[in-house]
Amino acid sequence: MSPDHPPGLDLDRLRVLLDRERPGLVTGPLSGRLIEGGRSNLTYAVSDGAARWVVRRPPLGHVLATAHDMRREHRVISALHPTDVPVPRPVLLCEDEEVLGAPFYVMEFVEGTPFRTAEQLAPLGPERTRAAVLNLVDTLVGLHAVDPAEAGLADFGRPDGFLDRQLRRWAKQLDASRNRDLAGIDELHATLGRELPRSPAPTVVHGDYRLDNVLIGGEDDEIRAILDWEMSTLGDPLTDLGLLAMYSSPLGMPDSPVSTTAQAPGHPAPAELIERYATRSGRDVSGVAWYTAFAWFKLAVILEGIHYRYTLGQTVGRGFDRIGDLVPVFIEHGLTTLQEG
């Protein structure tokens, strides 16, 4: 495949589909490139020389039923696009696997930068960095203010028992990756289970809300789009806040293969982000320590799964050999968060 014809993207078939379903949308030959890969859904930028779009599809070689995932992402951005929540404009959903070999959807291309590391944020300077991260909180407040029923998402998830199911899900993931002793992981899980909070009224939950899942651009460094909705559902909004607080906490590990943006000059501390969310949303966040500790637990499980696959020789690339060293750090942060409240 050439760079303009990446694997998993048949541009000729895509063009036929777009011409049939959206006549006049495409005005020239299509080219495409992979924006990002990985173990999750694949993202391509497609252009006809005059306009650009984004195609999202499941990973190559995926053999499980995947229409639900694509339908889910397309449904939530379609529901949120008429609201004030910044999401790309949806173009179409295709569940016919004959086109690209899997279900996929097309949305508009949005200009912007996903800031993944403190080093990437540094050129903005302290003031712009601070404003961008605070705007991240305000945008989350806006998402959680959307009435799911009014947006047509009343049946988008099962909010009853949401936290208990989440905790059991990640414990099951941990059990599937166990091949070494991890001090404190069972204590962290048990304590989270004993102290399970009572959830507030359910909202649309993003599920992976952090700085590198939004696009920032423009003179005011505005958030132009929230991306990667594959984990979205109806549930406890404070899970999004806890995850954001976790990703805003320094790991205390130089040269870590998994980084946060917390060390960037001007980056607000988690406590300030939590306070801003409370002030702007009006929600009680007194129990946010549980949600932050749960985020540390969830990431510890994810990293242990990566480490487990590395020990089996199922991962390639740089940094995987150091992932295992990170897991105890995340466990310790989770325990400390619960102890300190």
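Just so we're clear, the structure is a prediction, and the values are computed from it rather than from any experiment.
Screening I331, L188, V301 against L182 for a side chain to side chain contact (heavy atoms under 4.5 Å, CB included) leaves a single residue, I331.
Residues L241 and Y209 fail the side-chain proximity criterion, which asks for heavy atoms closer than 4.5 Å. Side-chain contact between Q166 and D236: absent, with no pair of heavy atoms (C-beta onward) separated by less than 4.5 Å. With a 4.5 Å cut-off on side-chain heavy atoms, L163 and Y291 count as touching. The closest side-chain heavy-atom distance from R57 to P103 is not below 4.5 Å. Looking at R13 and V99, their side chains come closer than 4.5 Å, going by heavy atoms from C-beta outward. A 4.5 Å side-chain heavy-atom check between H206 and N213 finds at least one atom pair inside the cut-off. You'll find the side chain of R283 reaches within 4.5 Å of the side chain of P237, heavy atoms only. Side-chain contact between C94 and L17 is present, with at least one heavy-atom pair separated by less than 4.5 Å.
Here the CG-CZ distance, from D221 to F115, works out to 7.0 Å after rounding to the nearest 0.5 Å. Atoms CG and OG1, on L136 and T261 in that order, are 8.5 Å from each other to the nearest 0.5 Å. Interatomic distance, CD1 of I274 versus OG1 of T279, reported as 11.5 Å (0.5 Å rounding). If you take CZ on R89 and CH2 on W53, they are separated by 9.5 Å, rounding to the nearest 0.5 Å. In this structure, CH2 in W170 is found 12.5 Å from NE2 in H189, a value given to the nearest 0.5 Å. A distance of 4.5 Å separates CZ of R72 from OG1 of T233, quoted to the nearest 0.5 Å.
A donor-acceptor contact under 3.5 angstrom links the side chains of R56 and T43, judged on distance only. S78 and R75 share no donor-acceptor pair across their side chains, judged by distance under 3.5 Å alone.
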Residues 137-151 side chain polar contacts: donor-acceptor under 3.5 Å, at least two apart:
| from | atom 1 | to | atom 2 | distance (Å) |
| --- | --- | --- | --- | --- |
| D138 | OD1 | R276 | NE | 2.8 |
| D138 | OD2 | R276 | NE | 3.4 |
| D138 | OD2 | R276 | NH2 | 2.9 |
| D138 | OD2 | R280 | NH1 | 3.4 |
| T139 | OG1 | N135 | O | 2.8 |
| H144 | ND1 | Y277 | OH | 2.8 |
| H144 | NE2 | D240 | OD2 | 3.0 |
| D147 | OD1 | A149 | N | 2.8 |
| D147 | OD1 | E150 | N | 3.2 |

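The other residues sharing a hydrophobic cluster with L227 are V110, L215, where clustering joins ILVMFWY side chains under 4.5 Å apart.
In terms of heavy-atom proximity, A295 sits nearest to G242 at CB-O, 3.8 Å. The shortest heavy-atom contact between G324 and H307 is CA-ND1, 3.4 Å. Closest of all the heavy-atom pairs between V87 and L80 is CG2-C, 4.0 Å. Across all their heavy atoms, R165 and P159 have their closest contact at NH2-N, 4.4 Å. Nearest heavy atom pair, residue M246 against residue T292, reads N-CG2, 4.1 Å. Closest approach of A289 and L338 over heavy atoms only: O-CD2, 4.4 Å.
Side-chain heavy atoms closer than 4.5 Å link hydrophobic residues (I, L, V, M, F, W, Y) into clusters, and following such links, possibly through other members, connects V55 to L42. In terms of hydrophobic clustering, with Ile, Leu, Val, Met, Phe, Trp and Tyr side chains grouped at heavy-atom distances under 4.5 Å, V205 and V85 are assigned to different clusters. Hydrophobic clustering (ILVMFWY, side-chain heavy atoms < 4.5 Å, transitive): W229 and L244 are in one cluster. One hydrophobic cluster, built from ILVMFWY side chains closer than 4.5 Å, cannot hold both L100 and V16; they sit in different ones.
Here R178 pairs with D175, D186 under the salt bridge (charged side-chain N to carboxylate O under 4.0 Å, His left out) rule; sequence neighbours left out. Shown here are the side chain to side chain donor-acceptor pair (under 3.5 Å) partners of N179, two or more places apart in sequence or in another chain: T311. With sequence neighbours excluded, no residue satisfies side chain to side chain donor-acceptor pair (under 3.5 Å) with R158.
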Go through the steps for R130 and E272 under the test side-chain contact (heavy atoms from CB on, under 4.5 Å), then give the verdict.
CA-CA 11 Å; R130 173 178 168 78; E272 183 176 0; 2.5 Å; yes

Audit row: T336, E332, side-chain hydrogen bond (donor to acceptor under 3.5 Å, both in side chains) steps and yes/no
CA-CA 6 Å; T336 300; E332 183 60 33; 3.3 Å; yes

List the steps, then state whether side-chain contact (heavy atoms from CB on, under 4.5 Å) holds for L299 with L326.
CA-CA 10 Å; L299 265 292; L326 268 179; over 6 Å; no

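Taking a cutoff of 4.0 Å between a charged side-chain nitrogen and a carboxylate oxygen, R180 and E304 qualify as a salt bridge. Between R224 and E111 there is no salt bridge, since no side-chain nitrogen of the basic residue lies less than 4.0 Å from a carboxylate oxygen of the acidic one.
Using a distance-only test at 3.5 Å, with no hydrogens or angles considered, a donor-acceptor pair links the side chain of R15 to the main chain of G28. Judged by distance alone, the side chain of R210 and the main-chain N or O of Y247 form no donor-acceptor pair under 3.5 Å. Judged purely by atom type and a 3.5 angstrom limit, D220 has no side-chain atom pairing as donor or acceptor with the backbone of E222.
Ring geometry for W296 against F330 counts as perpendicular: the plane angle is over 60°, on a 0 to 90° scale with 30° as the lower cut. Between F294 and W290, the angle of the ring planes stays under 30°, which puts this pair in the parallel group of the 30/60° scheme.
For D155, the CG atom is densely surrounded, since the number of other residues' heavy atoms within 6.0 Å is greater than 12. At most 12 heavy atoms of other shown residues, nucleotides or ligands fall within 6.0 angstrom of atom CD in E275.
Within the structure, every pair that satisfies the ring-ring contact (aromatic ring centres under 6.0 Å, His included) test and touches residues 84-113, not counting sequence neighbours, is listed here: H74-Y105.
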